[in-house]
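Written below as structure tokens is the structure these notes are about.
If you're wondering where the values come from, they're calculated on a predicted model, not measured in any experiment. Atoms within each ligand, like the ligands themselves, are counted from 1 in listed order.
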Amino acid sequence: MRLSRYFLPTLKENPAEAQIVSHRLMLRSGMIRQEAAGIYAWLPLGFRVLQNIEQIVREEMDRAGAIELLMPTLQLADLWRESGRYDAYGPEMLRIKDRHERELLYGPTNEEMITEIFRSYVKSYRNLPVNLYHTQWKFRDEQRPRFGVMRGREFLMKDAYSFDLDEAGARLSYNRMFVAYLRIFARLGLKAIPMRAETGPIGGDLSHEFIILAETGESGVFIDKNVLDLPVPGEDVDYDGDLTPIIKQWTDLYAATEDVHDAERFAREVPEERRVATRGIEVGQIFYFGTKYSQAMKAVVSGPDGVERPVHGGSYGVGVSRLVGGIIEASHDDNGIIWPEGVAPFKVGLVNLKVGDAEADAACNELYEKLTKAGVSVLYDDTDERAGAKFSNMDLIGLPWQLVVGPRGLKSGVVELKNRATGERIELSPEAALNKLT
Ligand SMILES: Nc1ncnc2c1ncn2[C@@H]1O[C@H](COS(=O)(=O)NC(=O)[C@@H](N)CS)[C@@H](O)[C@H]1O
């Protein structure tokens with residue numbers, strides 16, 4: 001993409017309304033624009049990151065055997081009356097009336113709807129287990145939307161729903177999602193810690209929150225530092241095998257949010273030098289809630305004995321839009337964002353130090369063409385901004401690599417390659433730079 005033809009409304013100043021670094025940097029780097037409280041437009045640069053995160057989540061959900069579909073954002077109120085949550089959900093629910101005075105709502109989550117879909121088609125245990133998921137916008141009329149996309153009112157969530165014949169089966173589904181979440185957040189360049197959690201409005205009695213450590217996080221957390229060094233299962237993990245050793249490894253070490261923290265146990269189990277009390281951002285949460293929805297909504301299957309029984313369910317959410325902010329909270333410096341390669345909007349920022357200079361233009365065009373042809377995403381700053389402005393802009397938007405081309409360097413046959421995360425700069429030939437980046 002040539003910057004002269006892109007749409008990247010960066011800001012020079014820190015916007016007053018931004019209280020945390022991710023909100024500030026997302027506004028300054030032209031990634032989002034607030035359209036209403038807690039409701040954002042995803043501008044081109046931010047939208048590319050959102051799509052990259054969604055794709056990584058998709059790949060890991062598919063690997064774990066979940067099946068993708070797409071449910072609507074609008075739901076019938078009557079559906080939620082069946083589960084009893086229509087009234088219970090409270091003021092967070094955005095209730096809507098259509099032209100025929102029909103009562104609808106903008107979905108905050110989809111347990112009821114997926115249960116309705118499931119019960120319409122599945123009648124026998126032979127079709128179990130099944131895990132259906134989608135990535136869809138949700139609305140929760142938060143009392144105090146804040147911190148930009150971190151706590152929005154309209155936000156993007158991947159939500160998955162598993163159905164099993166009994167609790168034993170449902171725990172296997174739960175364990176598959178637990179492992180898939182370890183892989184998702186690792187691929188996003190994050191250290192997310194699974195912590196036992198309260199179940200809240202979703203229900204059930206088993207839940208883990210996945211939390212990334214960040215000073216500005218809304219959740220107070222207490223952990224055994226060793227949990228930060230646990231190995232994440234590889235892409236060859238056998239989802240049909242016994243995952244309990246992995247679950248045990250990740251749940252044996254102490255890790256709890258403040259609402260379930262047991263100070264006495266923490267002191268007893270965790271040696272002083274390994275105790276960490278800090279804050280974190282909840283980027284995902286998984287739940288086992290048994291027959292809570294299937295009982296109320298008569299989602300039943302006939303078992304091996306021919307007897308009908310309500311299925312056992314679980315739901316598994318990832319805050320896809322929250323993760324854009326969460327990754328920035330975990331990966332930035334004073335100059336701006338530092339995108340992990342897997343989610344960066346572009347892999348390379350190509351900087352032409354002297355637009356209009358025949359040699360520099362020719363070298364940049366050739367590098368741009370070759371990188372693009374090799375499938376490397378490039379943002380080519382072909383504007384006539386001053387060099388200093390170009391460098392600070394590239395640091396702000398946080399692309400993993402900066403490839404700098406100028407007439408002087410070219411005279412001695414070199415270009416400069418800078419790694420945004422380490423700050424390391426090397427001079428090398430254009431060909432060597434191409435080899436390094438492709
Ligand atoms: N207001 C919000 N703004 C941005 N992300 C949010 C918001 N509320 C929740 N999330 C994200 O969505 C994830 C899942 O939300 S949740 O309430 O925990 N779980 C569910 O809704 C279940 N239905 C799981 S499918 C959270 O872990 C969080 O990362």
- [ ] Report the C-alpha separation of Lys248 and Asp242 in whole Å, then their side-chain angles, then the decisive distance to 0.1 Å, and conclude whether the salt bridge (charged side-chain N to carboxylate O under 4.0 Å, His left out) test is met.
- [x] CA-CA 11 Å; Lys248 189 169 170 9; Asp242 178 9; over 6 Å; no

- [ ] Heavy-atom distances under 4.0 Å are what count here, so tell me which part of Lys138 touches ligand 1: side chain, backbone, both or neither.
- [x] neither

- [ ] Please work out whether any backbone atom (N, CA, C, O) or any side-chain heavy atom from C-beta onward of Val149 is under 4.0 Å from ligand 1, and answer side chain, backbone, both or neither.
- [x] backbone

Task: Reference residue Tyr254; test side-chain hydrogen bond (donor to acceptor under 3.5 Å, both in side chains); the match among Lys225, His261, Arg275 - done: His261

Any [X] heavy atom less than 4.0 Å to ligand 1:
X: Gly152; result: yes
X: Glu111; result: yes
X: Ile286; result: no

Sub-4.0 Å atoms of ligand 1 with respect to non-hydrogen atoms of [X]:
X: Asp159; answer: 25 (S)
X: Tyr316; answer: 24 (C), 25 (S)
X: Arg151; answer: 3 (N)
X: Val283; answer: 27 (O), 29 (O)
X: Glu142; answer: 1 (N)
X: Gly284; answer: 27 (O), 29 (O)
X: Gln285; answer: 18 (O), 27 (O)

Any non-hydrogen side-chain atom of [X] less than 4.5 Å from a side-chain atom of [Y]?
X: Arg146; Y: Ile20; value: no
X: Pro9; Y: Leu43; value: yes
X: Leu172; Y: Pro129; value: no

Protein heavy atom at shortest distance from [atom]:
atom: atom 10 (N) of ligand 1; answer: Phe155 CE1, 3.6 Å
atom: atom 24 (C) of ligand 1; answer: Gly317 N, 3.4 Å
atom: atom 27 (O) of ligand 1; answer: Glu282 OE2, 2.4 Å
atom: atom 4 (C) of ligand 1; answer: Met150 O, 3.4 Å
atom: atom 19 (N) of ligand 1; answer: Phe287 CE1, 3.6 Å
atom: atom 15 (O) of ligand 1; answer: Met157 CE, 3.5 Å
atom: atom 23 (N) of ligand 1; answer: Thr109 OG1, 2.5 Å
atom: atom 17 (O) of ligand 1; answer: Arg140 NH1, 2.9 Å

Task: side chain to side chain contact (heavy atoms under 4.5 Å, CB included), paired with Phe139, selected from Leu94, Thr73, Leu105, Ile96 - done: Leu94

Task: Check: Asn110/Tyr133 side-chain N/O donor and acceptor closer than 3.5 Å - done: no

TODO: Tell me yes or no: between the side chains of Gln55 and Gln51, is some donor less than 3.5 Å from an acceptor?
DONE: no

- [ ] Take the angle between the ring planes of Tyr89 and Trp80 and call it parallel below 30°, perpendicular above 60°, tilted in between.
- [x] perpendicular

Open item on the list: Under a 3.5 Å distance rule, please check whether Tyr161 uses its side chain to pair with a backbone N or O of Val130 as donor and acceptor.
Closed with: no

TODO: For Arg33, look at atom CZ and say whether over 12 heavy atoms of other residues, nucleotides or ligands are found less than 6.0 Å away.
DONE: no

Open item on the list: More than 12 heavy atoms of other residues, nucleotides or ligands under 6.0 Å from CZ of Arg268: yes or no?
Closed with: yes

